[in-house]
Colleague: 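The structure follows.
Every number for a ligand or one of its atoms is a count from 1 in the order of the listing.
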Amino acid sequence: MRVVLVGPPGAGKGTQARALQSTFGIPQISTGDLLREAVREGTPLGKQARTYMDKGELVPDSVVVSLVAERIQKPDCTKGFLLDGFPRTIVQADAIAAELDRIKQQLDAAISIVVTRQELVERLSGRWVCRSCQAMYHERFTPPRKSGVCDACGGELYQRTDDKAETINARLEVYERSTAPLLSYYRERALLHDIDGMGTPEAIAQRITTTLKSLTPQSVA
Ligand code: AP5
Ligand code: MG
């Protein structure tokens, strides 16, 4: 199953993609995570990406399209994938559709996670992420058992540099301007499913799972 998760910063794309990986036996592909890894490693791509990410702007389409086109050809994507944070523009959506067409595949669904703006800001400003395994926590909603330490692997938790108040606002504006048009794009192609993104992560995962299973009952356990 090939699924795109669309939603503003803080909607829970990463949280949900991580949870759905094991349900459907397909990997999460987060362009944000791939770019942050490149930044950490100090590669030329990471150095270029950082200048955009620190300001909350989008990294150029050509850069992320190449990253994803390469990633979806890895063996773990044979049964499908969950794209988290990609595509972010119509150009990216057209590019991935063309790439999938070329390798004789197609998207099965675009899941739109719908959350109020107030909740988005609250989720982002309290987010902590594990440096080692990227597990996500929230200081109020889903705190780790021990402050600053990942429950899953014992790694150190950190706050993303783009989760500062002014960068959160910039990211939300970029979403409205460049990414929200994707909702009509996928609706016109009969791929869009709106999911209520309010409530516990478990309740939202259940809503998405029910929707995806209703689409392809033969491909899931
Ligand atoms: P990216 O990493 O994709 O960030 P984003 O889209 O801004 O989204 P977030 O990761 O902030 O939010 P999320 O929806 O994943 O929410 P999460 O699950 O973490 O991109 C970062 C940057 O990289 C971009 O600004 C851009 O520069 C660049 N980039 C990436 N992709 C690109 C692309 N395709 N093109 C160009 N540039 C690109 O949840 C947030 C918090 O809420 C967590 O603390 C979590 O624990 C908590 N939470 C989650 N669900 C719930 C719930 N149900 N109830 C309570 N709390 C919850
Ligand atoms: Mg994310």
Side-chain angles (χ1 to χ4, degrees), residues 4-21 28-40 45-46 48-69 71 82-93 95-96 111-116 118-130 134-144 150-152 157-164 167-180 182 195-208:
V4 165
L5 294 172
V6 193
K13 302 179 296 294
T15 302
Q16 293 304 324
R18 286 177 72 88
L20 294 165
Q21 289 187 108
Q28 167 198 25
I29 300 177
S30 159
T31 40
D33 285 351
L34 291 173
L35 292 168
R36 278 184 290 279
E37 195 181 318
V39 169
R40 253 193 321 273
L45 166 72
Q48 187 195 0
R50 183 173 195 160
T51 60
Y52 298 93
M53 296 171 81
D54 281 349
K55 289 185 273 184
E57 291 170 4
L58 294 182
V59 173
D61 289 329
S62 56
V63 173
V64 278
V65 167
S66 317
L67 265 184
V68 174
R71 179 67 187 82
L82 293 149
L83 288 178
D84 157 11
F86 179 94
R88 285 276 238 279
T89 62
I90 301 283
V91 171
Q92 293 179 18
I96 194 66
I111 297 289
S112 160
I113 307 180
V114 184
V115 173
T116 64
Q118 190 190 345
E119 174 85 6
L120 295 174
V121 173
E122 216 169 335
R123 286 186 187 178
L124 291 173
S125 35
R127 169 168 57 188
W128 290 82
V129 186
C130 175
Q134 318 307 321
M136 229 105 52
Y137 298 90
H138 189 281
E139 57 196 26
R140 279 188 39 222
F141 305 136
T142 49
C150 178
D151 291 350
L157 303 185
Y158 78 104
Q159 289 196 286
R160 274 170 46 177
T161 51
D162 60 352
D163 280 346
K164 291 193 291 275
T167 319
I168 290 175
N169 286 332
R171 287 158 63 205
L172 290 170
E173 274 168 34
V174 167
Y175 173 80
E176 287 305 328
R177 193 169 59 242
S178 304
T179 308
L182 284 179
I195 298 289
D196 177 5
M198 302 293 283
T200 64
E202 294 74 22
I204 298 157
Q206 191 51 55
R207 287 174 207 145
I208 300 176

Colleague: Between R171 and V174, is any pair of side-chain heavy atoms under 4.5 Å apart?
Modeller: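 Not in contact.
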Colleague: Looking at ligand 1, would R36 count as a contact under a 4.0 Å heavy-atom criterion?
Modeller: yes
Colleague: Tell me which part of S30 gets within contact of ligand 1: side chain, backbone, both or neither, using heavy atoms under 4.0 Å.
Modeller: neither
Colleague: Which bit of V64 gets closer than 4.0 Å to ligand 1, counting heavy atoms only: side chain, backbone, both or neither?
Modeller: side chain
Colleague: Under 4.0 Å from a heavy atom of G14: which atoms of ligand 1 are those, numbered in the order shown and with their elements?
Modeller: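 Reading through ligand 1 atom by atom, the close ones are 13 (P), 15 (O), 18 (O).
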Colleague: Nearest to atom 8 (O) of ligand 1, what protein heavy atom do you find, and at what distance?
Modeller: K13 NZ, 3.1 Å
Colleague: Nearest non-hydrogen atom to atom 38 (C) of ligand 1 belongs to which of T142, L35, T15?
Modeller: L35
Colleague: Given that the side chain starts at C-beta and the backbone is N, CA, C, O, which of these parts of Y175 lies under 4.0 Å from ligand 1, counting heavy atoms, or is it both or neither?
Modeller: neither
Colleague: Counting from 1, what ligand 1 atoms have a heavy atom of M136 closer than 4.0 Å?
Modeller: 18 (O), 19 (O), 43 (C)
Colleague: For a side chain to side chain contact (heavy atoms under 4.5 Å, CB included) with I29, tell me which candidate from L83, L67, L82 qualifies.
Modeller: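 Checked L83, L67, L82 against I29; only one passes side chain to side chain contact (heavy atoms under 4.5 Å, CB included): L83.
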Colleague: Side chain or backbone of E57 under 4.0 Å from ligand 1, or both, or neither, by non-hydrogen atoms?
Modeller: backbone
Colleague: What's the separation between atom CD in E122 and atom CD in E139, rounded to the nearest 0.5 Å?
Modeller: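 If we round to the nearest 0.5 Å, E122:CD and E139:CD are 10.0 Å apart.
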Colleague: Can a donor-acceptor pair be found, under 3.5 Å and without considering hydrogens, that links the side chain of R18 to the backbone of Q28?
Modeller: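 The answer is no, because no donor-acceptor pair under 3.5 Å joins these two groups.
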Colleague: Tell me: protein heavy atom nearest atom 41 (C) of ligand 1, and distance?
Modeller: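 Going by distance alone, atom 41 (C) of ligand 1 is nearest to R123 O, 3.5 Å.
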Colleague: Nearest 0.5 Å, what's the OG1-CG distance between T15 and D84?
Modeller: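 Reported to 0.5 Å precision, the distance equals 9.0 Å.
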Colleague: Numbering the atoms of ligand 1 from 1, which are under 4.0 Å from a heavy atom of I204?
Modeller: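 Listed by number with element: 53 (N).
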Colleague: For ligand 1, does L58 get within less than 4.0 Å through its side chain, its backbone, both, or neither, judged by non-hydrogen atoms?
Modeller: both
Colleague: Does any N or O atom in T31 lie less than 3.5 angstrom from one in ligand 1, N or O only?
Modeller: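 So ligand 1 has an N or O lying under 3.5 Å from an N or O of T31.
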Colleague: In terms of atom number and element, which parts of ligand 1 are under 4.0 angstrom from non-hydrogen atoms of P9?
Modeller: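 In order of numbering, the contacting atoms are 5 (P), 7 (O), 8 (O), 12 (O).
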Colleague: In Å and rounded to the nearest 0.5 Å, what is the CZ to CE distance from F141 to M136?
Modeller: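 Going from the CZ atom of F141 to the CE atom of M136 covers 14.5 Å.
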Colleague: Could you tell me if any non-hydrogen atom of P8 lies under 4.0 Å from any atom of ligand 1?
Modeller: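 Heavy atoms of P8 do come under 4.0 Å of ligand 1.
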Colleague: Indicate yes or no: does an N/O atom of Q92 lie under 3.5 Å from an N/O atom of ligand 1?
Modeller: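 Yes; at least one N/O pair falls below 3.5 Å.
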Colleague: Just heavy atoms, cut-off under 4.0 Å: does T200 contact ligand 1 by side chain, backbone, both, or neither?
Modeller: backbone
Colleague: Please state which part of R171 comes within less than 4.0 Å of ligand 1, counting heavy atoms only: side chain, backbone, both or neither.
Modeller: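 Looking at R171 and ligand 1, just side chain atoms fall under 4.0 Å.
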Colleague: Would you say G7 contacts ligand 1, with heavy atoms under 4.0 Å as the rule?
Modeller: no
Colleague: So, 4.0 Å and heavy atoms of M198: is ligand 1 close enough to count as a contact?
Modeller: no
